[in-house]
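I have placed the structure first, in the form of structure tokens, so that the comments after it can refer back to it.
As the structure lists them, so they are numbered: ligands from 1, and atoms in each ligand from 1. Computed over heavy atoms, backbone and side chain alike; hydrogens, waters and symmetry mates excluded.
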Amino acid sequence: MPGMHMLPCPDAYRSPFRHPDGSYDWRAELDYGWSLVDAASCGALCAVILEPILSSGGMITLPAGYMRAMKAHCEQRGMLLVVDEAQTAMGRCGDLFAIEHEGVVPDVLTLSKTLGNGLPLSAVMTSDRIAAVAREKGFMFYTTHANDPLPAAVGLKVLQIVLRDERAVVRRAAAAGKVLHEGLRRLMGRYACIGDVRGRGLMAGVEIVQDRRVSKGPAIELGRRLSAKMMEMGLSATISARSYFSGCLRIAPPLVVTDKQLEEGLAILEEAFRVTEGSLPLY
Ligand SMILES: Cc1ncc(COP(=O)(O)O)c(C=O)c1O
């Protein structure tokens, strides 16, 4: 859209910004991105919109410290920080809100999918000060479901349950996430077509590539075949099989998933990699 700028995606796997030891230099990339935005804009933009984990964009987790550095960039320019937690909130990433992981308080927080737990519900939260300005300027929040009492009641109940059963839901998501990520990394040790495993809690991405280290080129067709094989074996593993997303399996099981169910899912993943041609087994 005119007037909209984009910062580089903080992709630790693919970014060309590197420290001498090869590790990802996200700070240099972020500062460089801002220098481009500053040069191409009036320098008084309104806000940055950011997800704690770029969910549909390939489950790309923000590096530690990134959100805090982003907030500092915003403050320096008098801009607001809007954090979109449509996919990450309500415990999925091992914290009630994913922003808690970094301890950053955004100016505006948006919630959606996980708040309604299946019903169409979203929420925008902000400080009293910003809300007062929005009201004064006559900003409008308008959708078919505005003021719909049924999804609102469901959202309230979801919040009550997640807060009441924090141990069973939020902390459980963190623990189950460990099982999931360990299993996926084991698989990565075995199949060279897995370029990267990333995410946090019960949100994981498995990137399918042609080769892990040199071209890192997306293996879209292979990803599609793997995903279809998993479905055939009873596991729905969505793949963002578009060239601009690379080929990333996006895994986000229900928060109440048991370790046994996770192991079952991981076994199907493993079997699909074993029987699908082109998965590049290492042993
Ligand atoms: C990160 C993120 N933000 C916003 C949206 C849009 O949410 P809604 O459909 O509730 O407006 C989505 C849905 O796809 C999303 O994944």
Original post:
Are side-chain N/O atoms of His73 and Arg77 paired as donor and acceptor at under 3.5 Å?
Top reply: yes
Original post:
Any chance the side chains of Thr114 and Glu85 put a donor and an acceptor closer than 3.5 Å?
Top reply: no
**OP:** From the options Glu51, Lys113, Glu85, select the one whose nearest heavy atom is closest to atom 14 (O) of ligand 1.
**Re:** Lys113
**OP:** Around atom 7 (O) of ligand 1, find the nearest protein heavy atom and jot down its residue, atom name and distance.
**Re:** Ser112 OG, 3.6 Å
**OP:** Give a yes or no on whether atom 11 (O) of ligand 1 lies under 4.0 Å from any heavy atom of the protein.
**Re:** no
**OP:** Please go through Tyr283's hydrophobic cluster and name the other residues, only I, L, V, M, F, W, Y counting, with side-chain heavy atoms under 4.5 Å joining them.
**Re:** Leu282
Original post:
Sequence neighbours excluded, which residues qualify as ring-ring contact (aromatic ring centres under 6.0 Å, His included) partners of His101?
Top reply: none
**OP:** Check each of Leu115, Asp84, Leu111 against atom 2 (C) of ligand 1 and report the one with the nearest heavy atom.
**Re:** Asp84
Subject >> Ligand-side contact atoms (ligand 1) for residue partner Gln87, heavy atom cut-off under 4.0 Å >> reply: 16 (O)
Original post:
Counting heavy atoms only, which of Ser56, Gly57, Ala86, Ser55 comes nearest to atom 5 (C) of ligand 1?
Top reply: Ala86
Original post:
Any luck finding a side-chain donor-acceptor pair between Glu102 and Tyr66 under 3.5 Å?
Top reply: no
